[in-house]
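Position 1 is the first residue of the sequence, and the numbers go up from there. Just so we're clear, the structure is a prediction, and the values are computed from it rather than from any experiment.
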Amino acid sequence: MLTAYKKEDLSLAAEFFFDVFSNEPFCYEFLTKEKAGAYLEDIEKTPCFHGFRYSDGSNCLGFCFGNIYGYFSEPYYEIKEIFVNPRLQRNGTGSAMLLKIESYLRTKGVRLITLNTSKNIPAYNFYLKNNYDTADDNVHFYKNL
């Protein structure tokens, strides 16, 4: 079941986020549950925020944080973070959640979903498996200082 993210979901979302990103393949050693909560709360405060909570009715399975923007020819949704309970990864839960999100967004007139990810993590193959395309004309630059 897909429902709108609510402020009272923050603690559980931060716990899931911490569990996902402090372990393989990410191993963000700097991450704490407090930092995860502060980061997700910052996303929640952005204009056009639209978040989701995915559950089986009684248990929360995952979250998606993003924004619906309507500035261009048609509204689009930018996924900032999407994550499921680490114990449920690689069993179809993320794909099922993504399908529910896509269906909901279509009802809101959204016709495009965008996101950034890295090619060297499992999420890259997850998105390919779910029929997302890479943009040949876009690139993500970075510079370590």
Side-chain angles (χ1 to χ4, degrees), residues 1-6 9-56 60-145:
M1 171 174 28
L2 189 71
T3 56
Y5 169 85
K6 295 182 177 124
D9 293 327
L10 180 61
S11 178
L12 183 58
E15 184 177 322
F16 279 15
F17 189 87
F18 174 78
D19 287 347
V20 168
F21 292 100
S22 65
N23 291 298
E24 291 288 335
F26 305 98
C27 297
Y28 293 164
E29 294 177 8
F30 62 87
L31 190 62
T32 64
K33 287 183 184 176
E34 293 76 23
K35 286 181 179 180
Y39 169 63
L40 295 174
E41 190 172 32
D42 282 350
I43 295 173
E44 177 189 330
K45 291 176 183 176
T46 60
C48 308
F49 171 75
H50 209 94
F52 301 96
R53 175 186 169 128
Y54 183 63
S55 70
D56 64 6
C60 182
L61 307 176
F63 293 95
C64 182
F65 284 61
N67 303 79
I68 295 177
Y69 298 108
Y71 310 124
F72 299 101
S73 62
E74 57 191 13
Y76 72 94
Y77 185 72
E78 181 177 8
I79 295 175
K80 300 290 188 182
E81 297 292 348
I82 186 170
F83 48 95
V84 299
N85 181 325
R87 290 165 289 290
L88 302 174
Q89 290 180 353
R90 294 173 189 79
N91 73 356
T93 301
S95 294
M97 178 170 64
L98 201 51
L99 283 173
K100 294 278 189 189
I101 291 167
E102 292 167 0
S103 178
Y104 170 82
L105 291 171
R106 277 188 209 94
T107 70
K108 297 299 180 190
V110 173
R111 297 292 176 257
L112 176 70
I113 296 176
T114 66
L115 61 97
N116 287 314
T117 195
S118 176
K119 288 183 178 181
N120 60 355
I121 59 171
Y124 180 78
N125 290 321
F126 166 78
Y127 290 114
L128 288 177
K129 178 182 82 169
N130 282 283
N131 300 314
Y132 282 66
D133 294 317
T134 58
D136 294 333
D137 57 344
N138 290 339
V139 64
H140 179 82
F141 281 103
Y142 70 95
K143 180 179 183 179
N144 289 322
L145 301 178

### Message
My understanding is that only residues two or more places apart in sequence, or in another chain, count here; which of them pass side chain to side chain contact (heavy atoms under 4.5 Å, CB included) with Asn91?
### Response
Leu88, Thr93
### Query
Is there side-chain contact between Phe26 and Ile121, with at least one heavy-atom pair below 4.5 Å?
yes
### Query
Which residues pass the side chain to side chain contact (heavy atoms under 4.5 Å, CB included) test with Glu102, sequence neighbours left out?
Leu98, Leu99, Arg106, Ile113, Tyr132
### Message
Tell me the closest heavy-atom pair linking Leu31 and Phe21, and the distance in Å.
### Response
CD2-CB, 3.7 Å
Name every donor-acceptor pair, under 3.5 Å, that has one atom in a side chain of residues 68-76 and the other anywhere in the protein, sequence neighbours excluded.
none

#### Entry: Contact summary for Ala14 and Ala36, nearest pair of heavy atoms
O-CB, 3.7 Å
### Query
Which residue pairs pass the salt bridge (Lys or Arg N to Asp or Glu O under 4.0 Å) test with at least one member in residues 45-54, sequence neighbours excluded?
Asp9-Arg53
### Nearest-0.5 Å distance that lies between atom OG1 in Thr134 and atom OH in Tyr127
14.0 Å
### Message
Using the side chain to side chain donor-acceptor pair (under 3.5 Å) criterion, which residues pair with Asn130? Sequence neighbours excluded.
### Response
Ser95
### Message
Apply side chain to side chain contact (heavy atoms under 4.5 Å, CB included) to residues Phe83 and Asp19 and explain how you reach the verdict.
### Response
CA-CA 10 Å; Phe83 48 95; Asp19 287 347; over 6 Å; no
### Query
What distance separates Tyr104 OH from Cys64 SG, expressed to the nearest 0.5 Å?
12.0 Å
### Task
Measure across Val110 and Leu112 and return the closest heavy-atom pair with its distance rounded to 0.1 Å.
CG1-O, 3.4 Å
### Message
The criterion is side chain to side chain contact (heavy atoms under 4.5 Å, CB included); which residues satisfy it with Ala135, sequence neighbours excluded?
### Response
Asp137, Asn138
### Query
Parallel, tilted or perpendicular for Tyr77 and His50, by the 30°/60° rule?
perpendicular
### Task
Not counting sequence neighbours, list each pair that qualifies as a salt bridge (Lys or Arg N to Asp or Glu O under 4.0 Å) and has a residue in residues 20-38.
none
### Task
With sequence neighbours excluded, tell me which residues meet side chain to side chain contact (heavy atoms under 4.5 Å, CB included) with Tyr39.
Phe17, Ile43, Glu81
### Query
Given Ile101 and Leu2, is the side chain to side chain contact (heavy atoms under 4.5 Å, CB included) satisfied, shown in steps?
CA-CA 7 Å; Ile101 291 167; Leu2 189 71; 3.9 Å; yes
### Task
Using the side-chain hydrogen bond (donor to acceptor under 3.5 Å, both in side chains) rule, collect all pairs that involve residues 107-119, keeping only residues at least two apart or in two chains.
Ser118-Asn120
### Task
Evaluate the criterion side chain to side chain contact (heavy atoms under 4.5 Å, CB included) for residue pair Leu40 and Phe16; output intermediate values, then yes/no.
CA-CA 11 Å; Leu40 295 174; Phe16 279 15; over 6 Å; no
### Task
Using salt bridge (Lys or Arg N to Asp or Glu O under 4.0 Å) as the criterion, list what pairs up with Glu41, not counting sequence neighbours.
Lys7
#### Entry: Note, Arg90 side chain near Pro122 side chain (heavy atom, < 4.5 Å)
yes
### Message
Restricting to side chain to side chain donor-acceptor pair (under 3.5 Å), what partner residues turn up for Thr46, sequence neighbours left out?
### Response
Asn67
### Query
Does a side-chain heavy-atom distance below 4.5 Å link Leu61 with Met97?
no
#### Entry: Those residues that, when tested against Phe65, pass ring pair (Phe, Tyr, Trp, His ring centres under 6.0 Å) (two or more places apart)
Tyr5, Phe49
### Message
For Ala96 versus Tyr54, what's the shortest heavy-atom pair and its separation?
### Response
CB-OH, 3.4 Å
